[in-house]
Amino acid sequence: MTDVDRDGDDRTEAGSQTVSLVVVDGDERVDLDVERGRNLRRVLLDAGLSPYAAATRRLNCGGRGICATCGVRVREGPPADHWHDRLADRFGYPRLSCQIAVDRPMTVSLVDKRVWGGRRSEAGDGEPDGG
């Protein structure tokens, strides 16, 4: 169900066309207001927050979901629905930012990419091993 505001714009059920996105990058926290439905990878890049390691900033699939280099940890947000993200969730790998739509308030962490493909540590702290 949608409402139409005084200017004639469609509004979502939540009453807003933007949602809150919190991005944690190490000790830094960035709060963004994002147009509902935008692609997370694109939002991060537009905000100057790269989900890539230094080598993969130029060597990636461009958001097609096949290179697995744009991983982020979703602390709060939508459940995994892309096949790769379901496997990543099951085995403790980061989820692909290129396959996530920002359609609700979310909190994500950028992953330390010194070691590509790191899983959650045995301590269960959600951080990759071997950084």
Side-chain angles (χ1 to χ4, degrees):
M1 169 167 72
T2 62
D3 296 330
V4 178
D5 70 8
R6 284 175 268 170
D7 296 324
D9 293 333
D10 284 341
R11 298 289 176 169
T12 63
E13 281 185 20
S16 176
Q17 290 182 329
T18 63
V19 292
S20 171
L21 173 64
V22 177
V23 182
V24 178
D25 186 6
D27 293 333
E28 294 184 35
R29 172 188 161 121
V30 178
D31 294 289
L32 302 170
D33 285 324
V34 177
E35 181 182 338
R36 187 180 299 272
R38 284 202 62 208
N39 176 270
L40 179 59
R41 174 187 168 272
R42 188 75 258 157
V43 168
L44 293 171
L45 292 172
D46 288 350
L49 301 165
S50 179
Y52 296 109
T56 59
R57 282 193 178 116
R58 293 187 185 266
L59 301 170
N60 61 70
C61 69
R64 291 186 284 281
I66 55 176
C67 72
T69 61
C70 65
V72 297
R73 298 271 181 211
V74 177
R75 293 183 177 183
E76 257 182 62
D81 60 359
H82 182 267
W83 68 267
H84 181 278
D85 288 341
R86 286 191 305 272
L87 287 174
D89 194 42
R90 180 176 177 190
F91 293 105
Y93 289 99
R95 289 179 53 194
L96 300 179
S97 63
C98 67
Q99 299 301 311
I100 299 173
V102 183
D103 60 358
R104 65 189 80 189
M106 295 177 63
T107 300
V108 300
S109 295
L110 298 182
V111 178
D112 181 3
K113 299 287 179 82
R114 287 182 289 172
V115 177
W116 183 82
R119 290 188 281 174
R120 289 185 193 105
S121 71
E122 292 299 320
D125 61 7
E127 296 302 317
D129 289 330

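- Listed by first and then second residue, the salt bridge (Lys or Arg N to Asp or Glu O under 4.0 Å) pairs involving residues 61-71 amount to none (not counting sequence neighbours).
- Annotation: the span from W83 atom CH2 to D81 atom CG amounts to 13.5 Å, rounded to 0.5 Å.
- Note that the CD1 atom of I66 and the SG atom of C98 stand 9.0 Å from one another [nearest 0.5 Å].
- The structure places CZ of R73 at 10.0 Å from OH of Y93, a figure rounded to the nearest 0.5 Å.
- Applying the salt bridge (Lys or Arg N to Asp or Glu O under 4.0 Å) test to pairs two or more places apart or on separate chains, those with a residue in residues 91-109 are D85-R95.
- Take A47 and apply the side-chain contact (heavy atoms from CB on, under 4.5 Å) test, not counting sequence neighbours, and it matches L32, L49.
- Taking CG from L96 and SG from C61, the interatomic distance works out to 8.0 Å, rounded to the nearest 0.5 Å.
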> Please walk me through it: do V34 and M106 pass side chain to side chain contact (heavy atoms under 4.5 Å, CB included)?
Replying inline: CA-CA 10 Å; V34 177; M106 295 177 63; over 6 Å; no

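- Nearest heavy-atom pair, R75 versus S109, reported as atom, atom and distance to 0.1 Å: NE-OG, 2.6 Å.
- Residues forming a side-chain contact (heavy atoms from CB on, under 4.5 Å) with N39 (at least two apart in sequence, or on another chain): R41, R42.
- What you find for P51 and V72 is that their closest heavy atoms are CB-CG1, 4.2 Å.
- Side-chain atoms of S97 come within 3.5 Å of backbone N or O of C70 as a donor-acceptor pair.
- A search for salt bridge (Lys or Arg N to Asp or Glu O under 4.0 Å) contacts involving R29 returns D31, not counting sequence neighbours.
- Residues A88 and P94 come closest through the heavy atom pair CB-O, 3.3 Å.
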Between side-chain atoms of residues 19-28 and protein atoms elsewhere (two or more places apart, or another chain), which donor-acceptor pairs fall under 3.5 Å?
none

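- Side-chain contact between V108 and I100 is absent, with no heavy atoms from C-beta onward closer than 4.5 Å.
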